[in-house]
Amino acid sequence: MRKTLSLLAIISCMLPGLASAQSSDRDGAYGFAGFGSYAVTIPACSNVAPAYRDTRWNISKLGFHAGAGYRINDHFALELAAQAQGGGSKARAPTQAGDTHVRSSSRALTLSGLGVLPLGDRFEVFGRAGLGAMRTSLTATTVEFDHKATSGTLALQYGLGASMRLGERGFVRTEWNVLRPIGKSRSAAPLAGQRVYASQVNVAFGRHF
């Protein structure tokens with residue numbers, strides 16, 4: 001009986017150390033890269049005709065992102081990342097008056113904080129909040145003309161995601177996030193808009209250093 005109690009006491013002393021080791025191996029620096037759907041959205045501005053106020057342009061293409069982060073503890077991390085919308089094909093030429101075709105190109109550099117909720121040893125969910133510098137080019141093509149405009153603006157970033165650990169150091173994660181501009185975007189003007197929003201649904205692979 002005494003041997004059993006002694007063994008239980010030893011195991012109970014070891015468990016906090018094991019839990020601490022499992023927690024601490026999430027900490028430190030890591031890198032990641034991924035791809036997914038990258039959409040640029042231009043809602044109509046408020047001073048257009050009432051019939052068009054709920055309209056919006058949405059251009060979705062393949063997008064890419066990569067970056068590095070630092071996990072401070074189980075529940076918080078900081079990340080610096082770059083993201084870009086793929087070039088895709090050129091806007092096709094309109095065939096009749098009134099048609100408008102749009103081509104977009106967008107990229108951003110972001111700094112954000114992650115609030116993380118571990119779900120056991122392998123799975124996590126997280127929320128993201130940060131700030132980014134976004135640059136967008138839009139080309140609107142009609143029968144009469146091509147209009148191209150480029151603008152840059154600061155943007156708030158927010159998102160939600162989930163992550164799964166792969167082996168000792170690797171992980172895979174999926175995420176939805178949005179860049180919401182703080183100021184007006186000149187590139188939206190040809191499409192009767194004031195701001196350009198960017199959003200992603202992506203998957204990324206990463207590794208702890």
Side-chain angles (χ1 to χ4, degrees), residues 14-41 58-89 104-137 152-182 185 196-209:
M14 291 175 62
L15 284 176
L18 290 173
S20 176
Q22 289 173 350
S23 298
S24 63
D25 65 7
R26 290 189 176 107
D27 298 347
Y30 58 91
F32 57 90
F35 63 93
S37 173
Y38 191 127
V40 168
T41 304
N58 189 76
I59 309 102
S60 183
K61 300 180 185 177
L62 183 65
F64 307 91
H65 70 284
Y70 191 86
R71 184 71 174 262
I72 297 171
N73 54 42
D74 270 5
H75 301 290
F76 189 70
L78 292 172
E79 287 189 358
L80 178 67
Q83 63 185 53
Q85 189 181 45
S89 60
S104 69
S105 174
S106 179
R107 58 188 183 274
L109 182 66
T110 63
L111 177 64
S112 58
L114 275 65
V116 186
L117 177 63
L119 302 175
D121 294 333
R122 294 188 63 194
F123 298 96
E124 299 175 335
V125 293
F126 60 88
R128 180 188 301 277
L131 190 67
M134 183 169 62
R135 190 167 184 82
T136 306
S137 296
T153 183
L154 290 176
L156 298 176
Q157 186 183 43
Y158 53 88
L160 295 170
S163 175
M164 181 180 74
R165 302 180 70 184
L166 299 175
E168 291 284 331
R169 296 179 178 274
F171 63 88
V172 60
R173 72 184 186 190
T174 183
E175 181 183 3
W176 163 83
N177 66 64
V178 174
L179 280 167
R180 181 185 179 91
I182 295 174
S185 307
V196 178
Y197 297 79
S199 62
Q200 287 191 88
V201 178
N202 58 53
V203 61
F205 297 89
R207 183 173 177 83
H208 290 271
F209 301 134

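Contact record, M134 with V196: CE-O, 3.1 Å, taken as the closest heavy-atom pair. Of all heavy-atom pairs between F126 and A162, the closest is CE2-N, 3.5 Å. Between Y38 and G63, the closest heavy-atom pair is CB-CA, 3.7 Å. The shortest heavy-atom contact between A108 and L179 is CB-CD1, 3.6 Å. Scanning both residues, N202 and N177, for their nearest heavy atoms gives ND2-ND2, 3.8 Å. Taking every heavy atom of both residues into account, V178 and S199 meet most closely at CG2-CB, 4.0 Å.
Between R180 and Y197 there is a side-chain heavy-atom pair separated by less than 4.5 Å. With contacts defined as side-chain heavy-atom distances shorter than 4.5 Å, the pair S105/R135 does not qualify. Considering only heavy atoms from C-beta on, L78 comes within 4.5 Å of I72 through its side chain. Counting heavy atoms from C-beta on, the side chains of Q83 and R107 never come closer than 4.5 Å. The shortest side-chain heavy-atom distance between H65 and F32 falls under the 4.5 Å cut-off.
In this structure, the side chain of Q157 does not engage the main chain of G132 through any donor-acceptor pair within 3.5 Å.
Legend: residues meeting side chain to side chain donor-acceptor pair (under 3.5 Å) with S112, ordered by chain and number and at least two apart, are R128. Among residues two or more places apart in sequence or in another chain, the side-chain contact (heavy atoms from CB on, under 4.5 Å) test is passed with R122 by M164. Scanning for salt bridge (Lys or Arg N to Asp or Glu O under 4.0 Å) contacts around E124 gives R26, R71, with sequence neighbours left out. By the salt bridge (Lys or Arg N to Asp or Glu O under 4.0 Å) test, R173 is found to be paired with E79, residues two or more places apart in sequence or in another chain being considered. A search for side-chain contact (heavy atoms from CB on, under 4.5 Å) contacts involving L109 returns L80, A82, not counting sequence neighbours.
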Exercise for the section: Start with the C-alpha gap between F76 and V116, add the side-chain angles, then the distance that decides, and say whether side chain to side chain contact (heavy atoms under 4.5 Å, CB included) holds. Expected result: CA-CA 6 Å; F76 189 70; V116 186; over 6 Å; no
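Taking CD of E175 as the reference point, atom OG of S163 lies at 10.0 Å (rounded to 0.5 Å). Atoms CG and CG, from L156 and L131 in turn, are 6.5 Å apart once rounded to the nearest 0.5 Å.
The list of ring-ring contact (aromatic ring centres under 6.0 Å, His included) pairs with a residue in residues 155-180, not counting sequence neighbours, reads Y30-F171, F171-H208.
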